[in-house]
Amino acid sequence: MGKQAHGGNLVWAAALAGCSPSAILDFSASISPLGPPGSVLAAIESQLNNIQHYPDPNYSDLRNTLSHFHQLPSEWIMPGNGSAELLTLAGRDLAGLSANLGATVLITPAFGDYYRALAAYEANVLEFSLFSADSLGLLNFQLSAISTHTSGLLLNNPHNPTGRLFRREEIIPLVDKFALVVVDEAFMDFLPPEEEQSLLGAVQDYPNLVILRSLTKFYSLPGLRLGYAVGSPQRLQRWQSWRDPWSVNCFATAAGVAAIQDQEFQQQTWSWLPQARQQLFDGLVKIPGLTPWNSTANFLLVESEYSCEHLQEQLLKKYKILIRDCHSFPELGDRFFRVAVRTTSENKLLLTALQGVVGNQE
Ligand SMILES: Cc1ncc(COP(=O)(O)O)c(C=O)c1O
């Protein structure tokens with residue numbers, strides 16, 4: 001089993017740690033430790049009798065629930081088999097711009113799956129580093145060199161792996177410029193309503209804007225696969241015609257309805273995250289040679305004076321703890337790692353383990 005390109009490769013980690021995958025404490029995948037919510041598990045169980053039928057290809061229940069939740073017409077919403085499936089469809093739309101000599105601008109470091117989705121349809125990719133621009137305003141200026149009106153932009157907000165949040169006002173001028181803007185808001189739900197910077201409210205004003213959302217991180221459902229796209233009905237109908245009619249199964253649709261309606265779980269997550277993230281941040285700052293970056297999401301990017309590949313191996317072998325190395329982000333390489341924010345007691349285990357392995361490096 002090869003090394004992971006994504007977080008959460010427990011089979012690979014367990015082979016190195018010499019234990020079963022379930023014995024690994026996984027900080028590499030940015031999944032909430034609080035879920036899945038009981039309401040979602042009950043909804044999944046309730047579907048057992050439905051596996052003898054095809055799912056409703058219109059996903060009406062889930063789309064109506066999301067429509068009510070976001071105050072948007074249901075024709076503007078399309079569920080997917082994880083946001084990764086929708087990213088592939090977005091990749092096809094973005095690649096289509098190449099016919100008019102357009103390119104797709106990627107803000108780097110970028111989530112590895114963006115490269116996959118764009119390469120699948122041979123999109124012409126132009127990379128712009130977040131580190132050199134340091135603000136989307138400056139990026140806007142750099143972009144004056146390319147024909148944005150025939151090009152696309154794929155942006156992630158909050159940004160993985162840095163955890164940085166772009167404000168709506170920073171993004172809207174880019175939506176005005178580009179032919180197509182896809183904003184991946186896979187981690188936006190971790191921000192409470194008064195802090196989030198989602199562009200969902202702008203979608204009906206901009207037919208060239210598509211938002212991708214995931215339900216796998218906040219509700220701890222990565223194995224179930226569920227996300228949704230929000231965009232113009234014409235675009236979503238085209239996307240629907242490109243894929244198989246039943247790509248979201250009955251368990252995922254029922255889980256989605258229950259999850260979206262579970263306000264208690266949402267409140268619980270919004271109260272847990274700021275404190276747990278601060279606890280982890282403060283603990284990391286105290287470890288010599290490690291510098292965590294401020295984050296608005298449920299993960300922290302950590303700059304390290306030590307080889308992260310080595311730290312990762314030692315943490316696995318000695319503590320059965322998996323952290324995310326950053327080799328799939330070429331700008332970051334071996335001097336950065338990423339960790340999910342987990343429960344207070346699990347965060348303490350990570351901090352103690354890191355102190356142990358860093359102590360041995362000095
Ligand atoms: C930024 C980003 N977008 C999208 C995804 C895909 O999420 P999903 O499980 O909904 O396919 C991930 C998964 O790690 C991610 O990090």
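Indexing begins at 1, ligand by ligand and atom by atom, following the structure's order.
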Can you check whether I323's main-chain N or O pairs, donor with acceptor, with Q312's side chain at less than 3.5 Å?
yes

What is the nearest protein non-hydrogen atom to atom 5 (C) of ligand 1, stated with its residue, atom name and distance?
F111 CE2, 3.5 Å

Looking only at distance, does N160 have an N or O less than 3.5 Å from an N or O of ligand 1?
yes

May I ask you to say whether D93 pairs ionically with R238, meaning some side-chain N is under 4.0 Å from a carboxylate O?
yes

So which protein heavy atom does atom 2 (C) of ligand 1 come closest to, and at what separation?
D184 OD2, 3.4 Å

Using a 4.0 Å heavy-atom threshold (strictly under), name the region of E85 that reaches ligand 1: side chain, backbone, both or neither.
neither

L301 and C326 have their tightest heavy-atom pair at CD1-SG, 3.9 Å

Per-atom contacts of ligand 1 with R225, taking only distances under 4.0 Å to non-hydrogen atoms
8 (P), 9 (O), 11 (O)

Tell me if a side-chain donor or acceptor on R213 pairs with a main-chain N or O of A186 at a distance below 3.5 Å.
no

Which protein non-hydrogen atom lies closest to atom 6 (C) of ligand 1, naming both residue and atom, and how far is it?
S83 OG, 3.4 Å

Nitrogen or oxygen atoms of T216 and ligand 1 under 3.5 Å apart:
yes

Could you see if F69 belongs to whatever hydrophobic cluster contains F265? Use Ile, Leu, Val, Met, Phe, Trp, Tyr and a side-chain cutoff under 4.5 Å.
yes

Atom 13 (C) of ligand 1: which protein heavy atom is closest, and how many Å away?
K217 NZ, 2.7 Å

Taking a cutoff of less than 4.0 Å between a non-hydrogen atom of the residue and any ligand atom, is G227 in contact with ligand 1?
no

Hey, any chance V40 and V257 share a hydrophobic cluster, counting ILVMFWY side chains that come within less than 4.5 Å of each other, even indirectly?
yes

Which ligand 1 atoms are under 4.0 Å away from a heavy-atom of G82?
10 (O), 11 (O)

Just jot down the ligand 1 atoms closer than 4.0 angstrom to any heavy atom of N156, in number order.
1 (C)

Which of the atoms in ligand 1, numbered in the order shown and given with their element, are less than 4.0 Å from a heavy-atom of A186?
2 (C), 3 (N), 4 (C)

Among V183, L209, I211, which one satisfies side-chain contact (heavy atoms from CB on, under 4.5 Å) with L200?
I211

For ring pair (Phe, Tyr, Trp, His ring centres under 6.0 Å), just list the numbers for F336 and W293, CA-CA rounded to whole Å, side-chain angles, deciding distance to a tenth of an Å, and then say yes or no.
CA-CA 10 Å; F336 284 87; W293 288 23; 5.5 Å; yes

Donor + acceptor pair across side chains of Q261, S39 (<3.5 Å)
no

Honestly, for A84 the part within reach of ligand 1 (heavy atoms, under 4.0 Å) is both

